Amino acid sequence: MEKENLMCLLRIKGTEVSLVLEQSVLSWTFNKRRAYRKKSLTVAIPVNEIVTVRLGDGKQQTKGVAPSTQFTVYHVSRKSSSKRWSLQMVTFTAPDAQVAHSWVQAIQKKMFETGHTRPRKLLVFINPYGGRGKASRIYYSEISFLFQLAGIETDVIETTRANHARDYILEADLQTYDGVVCVGGDGMFSELLHGLVKRTQSDSGVCEDKENAMLTPCSLRIGIIPAGSTDCVCFATVGINDPVTSALHIIIGDTQPMDVCASYNDGQLMKYSVSLIGYGFFGDVLRESENLRWVGPIRYDLAGIKMVFSNQSYRGTVEYLEAYESNSSPRDNTRCRTGCLVCSESSERLREAAEECQDCQSDTWKKVTGSFLAINITGMSSACPKSQDGLSPTAHLADGTADLILVQESSTMQFLRHLNRHTNRKDQFALPNVEVHRIRAMRFTPEEFDEEEAIRRQKRFFGCPCGRTSETSIWNCDGEILNCAELSVR
């Protein structure tokens, strides 16, 4: 065997193969060519997608006294047409136990060299009550053994109340953990996000409540095992809501930086978010859905139908700062994927810009005044199974920007056209009453009714089958209600 690249003749189920370990790939070629193949079959696995390697047969682990001549490689298996990952294993038979042992050591060494971002210890939070109440079963039946197989130590906490995970993160010693994992939906992720951001600012001596505060990025990573009624964050980052796929991404150390939006009212911090901040339609849907909790997750669909036919618009002024000069636009066809150049090139530029200007007072704000059916700010595509492209298909995960979508007052049918385009992959922005901007900050000031408008709305209320009208909407911040109309976001 050579020192850098190892090569050896072994067997898989009695068939001879040539196994080769290179710097970043483990591959084997079947030496016996099939009659219907022109070339011998070669299988290649990236070393960073190997979960673990162990002596013995994977199906029947050898527990005898004699050293095993077999070793098993557990690795990620993916289909080219799907984002779903699964765990597969292949067992090799060596000429003797010493060769088998040498291969195990060599593969483990390569995994260590290429897997510096792999977690060794995780703090896992399970929300047993959220979504459809399946989080505990999903973790213990599908995920727990994967972490054990990969040699990851876990401390598991089942939450018993709202903000249990957030409060624990604020007080616990996190020094020994490489990351925190939420087994739940978007609400559970939001808890961990708020806990980590708040804890990081506290440890850094930063007052996060002030709007012009220079916040410190979090170094601890968050892993998501989807088990909620909505798993928008998981879908937008991984591409599929599948617990095993997410667990394998966590195990091999996949890391994705994410932009976080901070919302302020009257200069005081309200909430952090990573996906949607919505006023008007999405705020009204969330407010109405709170009265329908007894029907379960379908309450969002029922509330949405009601709000569409109410066709409620709200007057106000939107001011925004356009994104720094970049190569991306919300109307281009650039999609944020693994290794996205827009996001990778933005990191250094954002750091430099932040050091030059710690507030936005001296910048030129653009202004739009009107009557809005919806004002949406999304820091990611906000894709989900019902809307594969999301609210803004070309939004980036980590470029320091968000997309501002303004839907002006229009007829019910025109608004339905806009909503329907989120599901049929047509351009939802190519409508006369819709505009979109890539921004780095926004502020909204609601307009108070004059007497004439108040009378008009009162008359409309008596003729509207969908119930009351309101002078202002509320903000939907990643599925949480912000009971205010005036808001600034950065």
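The structure presented is a predicted model; accordingly, all values stated were derived computationally and were not measured. Residue numbers count from 1 along this sequence.
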Checking [X] side chain against [Y] main chain: does a donor-acceptor pair fall under 3.5 Å?
X	Y	value
T237	V233	yes
N241	C234	no
H418	Q414	no
Q201	D209	no
R421	D427	yes
R440	E322	yes
S473	G280	yes

Give a yes-or-no answer on whether the side chains of [X] and [Y] include a donor-acceptor pair shorter than 3.5 Å.
X	Y	value
T114	N48	no
S382	S275	no
R438	S329	no
S488	E211	yes
Q23	K110	yes

Heavy-atom neighbours of N424 CG exceed 12 at 6.0 Å: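 More than 12 heavy atoms, drawn from other residues, nucleotides or ligands, come within 6.0 Å of this atom.
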Could you tell me if the side chain of [Y] sits less than 4.5 Å from the side chain of [X], heavy atoms only?
X	Y	value
K271	D478	no
D155	V124	no
L149	L87	yes
I45	S27	no
V368	T317	no
E142	I225	no
V434	L406	no
W85	I252	yes

Chi angles and distances behind the side-chain hydrogen bond (donor to acceptor under 3.5 Å, both in side chains) call for T117, T255: CA-CA 8 Å; T117 61; T255 301; 4.8 Å; no
[atom2] on [Y] to [atom1] on [X], rounded to 0.5 Å:
X	Y	atom1	atom2	result
R137	I143	CZ	CD1	10.5 Å
T364	K367	OG1	NZ	12.5 Å
T154	R120	OG1	CZ	14.5 Å
Q268	E208	CD	CD	10.5 Å
T245	K83	OG1	NZ	11.0 Å
H249	I240	NE2	CD1	9.0 Å

Listed once per pair and sorted, the ring-ring contact (aromatic ring centres under 6.0 Å, His included) pairs that draw on residues 250-292, sequence neighbours left out: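 Qualifying pairs: H194-Y272, Y279-Y314, Y279-F444, Y279-W475, F281-F415.
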M307 versus D284, closest heavy-atom pair with distance: SD-CB, 3.4 Å
Atom of T200, atom of T216 and distance for their closest heavy-atom approach: CG2-O, 3.6 Å
Quiz item: cation-pi between K366 and Y320, 6.0 Å / 45°: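 No cation-pi geometry.
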Residue list, ring pair (Phe, Tyr, Trp, His ring centres under 6.0 Å) with F429, at least two apart or on another chain: none
Chi angles and distances behind the side-chain hydrogen bond (donor to acceptor under 3.5 Å, both in side chains) call for N376, T378: CA-CA 6 Å; N376 300 322; T378 178; over 6 Å; no
